[in-house]
S.K.: 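This is the structure I have questions about; it appears just below.
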Amino acid sequence: SNQLKNLVNQSGYGIQISKSLPEDVVRYIILTFKGMFWDESLKKYNEDDRSQIKKEYFGEVFYSRSNDRYIRQKNKNTGKTEYIQKQKRIDFEREYPNVWKVIKEERNKGKKSNNKKNNYLPCKLMQIESTIFQEILRRCYAKGYDVVNIHDAIVVVDTKNNESVSSD
């Protein structure tokens with residue numbers, strides 16, 4: 001855990017993991033920093049479709065319309081209303097209680113400032129992601145590299161300018 005904290009702290013991205021952060025927050029930061037959150041989730045649920053598990057997490061945890069643990073829907077056969085557990089949401093809260101608390105607080109900020117609309121957190125996350133990508137692109141362009149961003153990836157184009165590009 002200390003080695004991973006040092007890795008993140010020394011990454012050059014300006015991220016510092018404090019010794020006072022709760023363990024679940026540290027674990028979440030490290031998994032997302034190393035790009036392993038989705039892989040760990042696939043293992044936990046014994047699934048193999050990364051895009052499906054991401055949809056479920058975004059729908060139940062990050063961008064859900066409510067903090068409820070259940071989805072209310074009508075049964076097509078009986079016409080009766082059923083309540084289905086948001087299992088990813090329940091498990092996320094159990095595994096990352098302090099991260100969930102922040103997600104919930106950010107959602108509530110959006111509801112208060114945006115006429116009960118629940119798009120504050122997704123918009124804020126997209127804004128942060130955009131800022132990160134702008135900085136990465138700026139650094140690459142400053143080194144003379146030919147790169148392009150496509151959605152949430154940086155593509156290093158196969159050109160003479162990029163012959164010296166390394167994984168770092």
Side-chain angles (χ1 to χ4, degrees), residues 1 4-18 21-45 47-67 86-89 91-93 95-159 161-162 165-168:
S1 179
L4 288 172
K5 284 181 191 178
N6 290 336
L7 173 70
V8 172
N9 289 345
Q10 296 169 7
S11 67
Y13 293 114
I15 301 169
Q16 293 294 314
I17 298 180
S18 164
L21 281 177
E23 187 59 37
D24 69 298
V25 174
V26 172
R27 191 170 61 255
Y28 182 77
I29 289 171
I30 290 169
L31 282 174
T32 55
F33 178 81
K34 294 191 76 157
M36 295 171 54
F37 179 78
W38 300 120
D39 298 328
E40 292 292 319
S41 300
L42 286 169
K43 276 190 244 172
K44 182 182 355 180
Y45 295 105
E47 294 182 22
D48 58 2
D49 187 349
R50 187 180 176 114
S51 64
Q52 181 59 35
I53 204 157
K54 285 175 81 172
K55 283 180 197 172
E56 292 170 10
Y57 266 94
F58 280 98
E60 293 183 20
V61 179
F62 304 116
Y63 296 172
S64 177
R65 291 187 178 179
S66 75
N67 295 324
K86 295 180 182 177
Q87 197 57 52
K88 305 288 187 299
R89 148 75 175 86
D91 293 345
F92 188 90
E93 179 184 9
E95 193 166 348
Y96 306 103
N98 292 293
V99 177
W100 172 248
K101 181 180 172 189
V102 171
I103 290 171
K104 217 163 84 169
E105 287 171 3
E106 290 301 311
R107 265 206 216 124
N108 291 337
K109 278 184 196 175
K111 286 180 184 177
K112 289 176 189 170
S113 67
N114 201 8
N115 296 329
K116 305 251 182 236
K117 288 186 181 174
N118 209 7
N119 62 355
Y120 176 81
L121 182 59
C123 290
K124 188 71 175 166
L125 290 173
M126 285 186 280
Q127 179 186 23
I128 293 167
E129 181 182 51
S130 174
T131 302
I132 291 168
F133 274 89
Q134 288 173 18
E135 177 60 21
I136 293 169
L137 289 169
R138 187 194 63 72
R139 289 180 188 186
C140 289
Y141 294 147
K143 291 183 178 185
Y145 297 142
D146 298 325
V147 295
V148 198
N149 75 302
I150 298 175
H151 184 54
D152 61 354
I154 303 284
V155 177
V156 179
V157 185
D158 189 13
T159 64
N161 288 342
N162 292 337
V165 173
S166 69
S167 62
D168 292 339

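Residue numbers start at 1 and run along the sequence shown. No hydrogens, no waters, no symmetry mates; every other heavy atom, side chains included, goes into these values.
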S.K.: Which residues satisfy the salt bridge (charged side-chain N to carboxylate O under 4.0 Å, His left out) test with Glu135, sequence neighbours excluded?
M.R.: Arg138, Arg139

S.K.: With sequence neighbours left out, what residues match Tyr141 under side-chain contact (heavy atoms from CB on, under 4.5 Å)?
M.R.: Leu137, Val147

S.K.: Could you go through the side chain to side chain contact (heavy atoms under 4.5 Å, CB included) check for Trp100 and Ile103 one step at a time?
M.R.: CA-CA 5 Å; Trp100 172 248; Ile103 290 171; 4.0 Å; yes

S.K.: Just to verify, what does Tyr45 make a ring-ring contact (aromatic ring centres under 6.0 Å, His included) with, not counting sequence neighbours?
M.R.: none

S.K.: The criterion is salt bridge (charged side-chain N to carboxylate O under 4.0 Å, His left out); which residues satisfy it with Lys43, sequence neighbours excluded?
M.R.: Glu40

S.K.: Sequence neighbours left out, what passes side-chain hydrogen bond (donor to acceptor under 3.5 Å, both in side chains) with Lys44? Give chain and number order.
M.R.: Glu95

S.K.: Any idea which heavy atoms bring Arg89 and Val61 closest together, and the distance?
M.R.: CA-CG2, 3.7 Å

S.K.: State which residues pass side-chain contact (heavy atoms from CB on, under 4.5 Å) with Ile128; sequence neighbours excluded, sorted by chain then number.
M.R.: Lys124, Ile132

S.K.: Can you list everything that forms a side-chain hydrogen bond (donor to acceptor under 3.5 Å, both in side chains) with Asp24? Sequence neighbours excluded, please.
M.R.: Asn98

S.K.: Quick one: side-chain hydrogen bond (donor to acceptor under 3.5 Å, both in side chains) partners of Gln134, sequence neighbours excluded?
M.R.: Ser130

S.K.: Going by the rule ring-ring contact (aromatic ring centres under 6.0 Å, His included), which residues pair with Phe62 if we only count those two or more places apart in sequence or in a different chain?
M.R.: Phe58, Phe92

S.K.: Can you confirm whether Asp48 is buried at CG, in the sense that more than 12 heavy atoms of other residues, nucleotides or ligands lie under 6.0 Å from that atom?
M.R.: no

S.K.: Can you list everything that forms a salt bridge (charged side-chain N to carboxylate O under 4.0 Å, His left out) with Asp39? Sequence neighbours excluded, please.
M.R.: Arg50

S.K.: Looking at Asn162, Val156, Val155, which one forms a side chain to side chain contact (heavy atoms under 4.5 Å, CB included) with Asp146?
M.R.: Asn162

S.K.: Looking at residues at least two apart in the chain, or sitting in another chain, which of them share a side-chain hydrogen bond (donor to acceptor under 3.5 Å, both in side chains) with Thr131?
M.R.: none

S.K.: Nearest 0.5 angstrom please: Glu23 CD to Tyr28 OH, how far?
M.R.: 15.5 Å

S.K.: In chain order, what residues pass the salt bridge (charged side-chain N to carboxylate O under 4.0 Å, His left out) check against Glu56, with sequence neighbours excluded?
M.R.: Lys88

